[in-house]
There are 2 protein chains.
Amino acid sequence: MSLRAQRGVATREKVVAIARRLFAEHGYEGTSIEAVLHESGLSRGALYHHYAGKDALFEAVLEAVEAEVGRAIVASVRGVEDPRQALVTGCLEWMRLAGDPVVRRIVLIDAPSVLGWERWRAMEERYAFGMLKAALQAARAVPEEFTDLHAHMLLAAINESALLVARGGGPEAAEAALEDFLRRVLGPTP
Amino acid sequence: MSLRAQRGVATREKVVAIARRLFAEHGYEGTSIEAVLHESGLSRGALYHHYAGKDALFEAVLEAVEAEVGRAIVASVRGVEDPRQALVTGCLEWMRLAGDPVVRRIVLIDAPSVLGWERWRAMEERYAFGMLKAALQAARAVPEEFTDLHAHMLLAAINESALLVARGGGPEAAEAALEDFLRRVLGPTP
DNA sequence: CCGCGAAACAGACCGACTGTCGGTCTGGAA
DNA sequence: TTCCAGACCGACAGTCGGTCTGTTTCGCGG
């Protein structure tokens with residue numbers, strides 16, 4: 001890679017890291033481009049050279065977070081043979097990860113509003129949701145024709161659990177409830 | 001009621017109605033206070049006399065929508081004796097109502113981001129979520145200690161169904177899937 | 001009937017923010 | 001060495017949310 005391209009990549013990574021922190025702390029609306037510029041030492045022109053606008057920057061941040069979470073979930077189910085158990089394990093891991101304020105605020109709260117539900121869903125499809133759907137298919141726990149819709153509903157339920165953990169009451173109760181919920185949806189173990 | 005108070009109420013209702021349409025069409029960020037002022041013919045001073053800020057106006061709009069939806073759901077389950085069936089009926093009705101773009105955009109997509117998840121949840125508690133929780137308790141389908149958390153997860157799942165209907169594929173599939181999902185969570189009919 | 005307080009309303013104004021645009025600098029290919 | 005594309009710069013325009021200082025209008029006690 002040429003020195004120029006390297007510099008470009010480094011700049012983008014730096015900006016995304018800073019924006020990620022600010023978006024998580026103050027939300028999308030509460031974060032000004034100027035703050036990102038100030039903290040990164042970059043100029044307006046430079047930032048707008050790399051990203052078309054504030055929403056494009058947010059999308060880049062979202063993609064980075066989703067990719068990171070995706071890797072963590074894959075790692076958590078490595079070695080689990082039973083597809084049903086892998087599903088439960090992966091879901092619980094996702095719930096724990098979504099307990100991170102960064103994930104909560106960026107992925108679950110702001111993303112649908114900023115990008116619009118369609119673009120948000122398309123992003124999720126490539127990460128968390130895609131994996132859940134595949135796992136649900138492998139487990140063969142629900143009728144074929146419902147796989148897609150049930151995967152959506154399950155993911156929404158899991159996300160809600162993650163948000164509830166932050167409310168208080170500790171993660172133990174939420175984990176127990178989620179596991180019970182999952183086993184109900186998946187049906188009796190064969 | 002005095003003439004002055006009447007005028008105030010009328011003004012608020014007018015502004016809320018206009019803001020509701022604009023928020024639903026263009027989202028919270030995409031709607032400017034100026035647009036609301038222009039369409040309502042009101043002045044800045046007048047609007048800020050009634051609402052502390054843009055988010056307060058949004059909250060008023062949200063409350064109006066929630067109240068309306070709440071009344072519709074109550075009406076839909078009137079006459080249904082079996083609590084379990086009432087639960088299913090009410091959920092399906094909520095899913096249909098949430099198919100309305102106004103409800104989708106305002107209640108499901110923008111509200112958590114604009115008001116923050118806590119304030120949004122507090123609002124839902126007084127309307128849709130409160131009813132769902134009560135119904136779940138009456139049906140005695142899930143363990144006592146899980147009622148609250150399961151109600152949250154269920155509501156999230158239902159909301160997701162509503163958003164999926166808008167994506168396409170028609171409401172029939174979503175309704176069938178939701179009903180199947182509900183019956184799984186509620187367990188076998190006693 | 002008068003006048004006073006308060007609510008409703010008006011609109012100029014301010015600071016902050018996003019996005020644009022012409023221009024500069026530099027790495028690397030020709 | 002020449003030259004161009006991409007990285008970067010910063011002044012500027014336009015918009016928006018919110019504030020502030022009046023002005024009008026209603027209700028009510030004197």
Side-chain angles (χ1 to χ4, degrees), chain A residues 1-62 106 110-111 113-116 119, chain B residues 1-62 106 110-111 113-116 119:
Chain A
M1 199 192 300
S2 74
L3 202 149
R4 296 192 49 149
Q6 274 182 14
R7 233 178 30 180
V9 170
T11 300
R12 279 191 289 273
E13 279 177 358
K14 185 178 167 187
V15 168
V16 164
I18 288 169
R20 170 176 168 160
R21 182 169 53 77
L22 292 176
F23 281 144
E25 273 176 26
H26 311 112
Y28 180 78
E29 266 221 273
T31 303
S32 70
I33 291 283
E34 309 229 26
V36 177
L37 297 179
H38 182 259
E39 291 217 18
S40 64
L42 218 64
S43 69
R44 277 194 114 56
L47 191 145
Y48 278 92
H49 171 73
H50 290 290
Y51 299 102
K54 195 180 175 183
D55 62 332
L57 174 60
F58 182 86
E59 191 165 11
V61 169
L62 176 64
I106 294 176
D110 280 340
S113 164
V114 174
L115 301 179
R119 274 164 79 195
Chain B
M1 198 193 304
S2 72
L3 203 147
R4 294 190 52 148
Q6 275 183 14
R7 237 184 20 185
V9 170
T11 301
R12 280 190 288 275
E13 278 177 357
K14 185 177 168 188
V15 168
V16 163
I18 288 169
R20 170 177 167 158
R21 182 168 53 77
L22 292 175
F23 281 143
E25 273 175 25
H26 310 111
Y28 180 77
E29 265 222 272
T31 303
S32 70
I33 291 283
E34 310 229 23
V36 176
L37 296 179
H38 183 259
E39 292 219 16
S40 64
L42 219 63
S43 67
R44 284 191 109 62
L47 190 143
Y48 277 92
H49 170 72
H50 289 289
Y51 298 101
K54 193 182 178 184
D55 61 334
L57 175 59
F58 181 86
E59 193 165 10
V61 170
L62 176 63
I106 294 177
D110 280 340
S113 165
V114 173
L115 301 180
R119 274 164 81 195

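Here is how names work: the chains are called A, B, and so on, in the same order as the sequence lines, proteins then strands, and each is numbered from 1. Please read these numbers as outputs of a predicted model, since none were measured by experiment.
Of all heavy-atom pairs between A/A19 and A/L57, the closest is CB-CD2, 3.9 Å. Taking all atoms of both residues into account, the shortest heavy-atom contact from B/Y28 to B/K54 is O-NZ, 2.9 Å.
No donor-acceptor contact under 3.5 Å links the side chain of A/R7 to the base of C/dG27.
The distance from the OG1 atom of B/T31 to the CZ atom of B/R20 is 14.0 Å, given to the nearest 0.5 Å. Taking CG of B/D110 as the start and CZ of B/F58 as the end, the distance is 5.0 Å to the nearest 0.5 Å.
In the set C/dT18, C/dA7, C/dA10, the nucleotide with an atom closest to the side chain of B/H49 is C/dA7. Of the candidates D/dG10, C/dA10, D/dG17, C/dA10 carries the atom nearest the B/S43 side chain, counting heavy atoms from C-beta on. The side chain of B/A46 lies closest to C/dA10 when the candidates are D/dG17, D/dC8, C/dA10.
For the pair A/G45 and A/E29, nearest-nucleotide mapping onto DNA chain C gives the more 5' position to A/E29.
Contact check, A/H50 against D/dC8: a side-chain N or O comes under 4.0 Å of OP1 or OP2. Phosphate contact (OP1/OP2 of D/dC8, side-chain N/O of A/T11, threshold under 4.0 Å): present.
What separates CG of A/D55 from C1' of C/dT18 is a distance of 11 Å, to the nearest Å. A/Y48 has its OH atom 5 Å from the C1' atom of C/dG19, to the nearest Å. In this structure, B/L22 atom CG and D/dC16 atom P are separated by 12 Å, rounded to whole Å. Rounding to whole angstrom units, CG of residue B/L42 and C1' of C/dA10 are separated by 9 Å. Taking atom CZ of A/R44 as the reference point, atom P of C/dA16 lies 14 Å away to the nearest angstrom. For the pair B/L47 CG and D/dC16 C1', the interatomic distance rounds to 14 Å; values are reported in whole Å. Here C/dA8 presents its C1' atom at 14 Å from CD of B/Q6, a figure rounded to the nearest Å. Taking atom OH on A/Y28 and atom P on C/dC17, their separation rounds to 14 Å, with Å as the unit.
Contact check for A/V16 versus A/Y51: side-chain heavy atoms found under the 4.5 Å cut-off.
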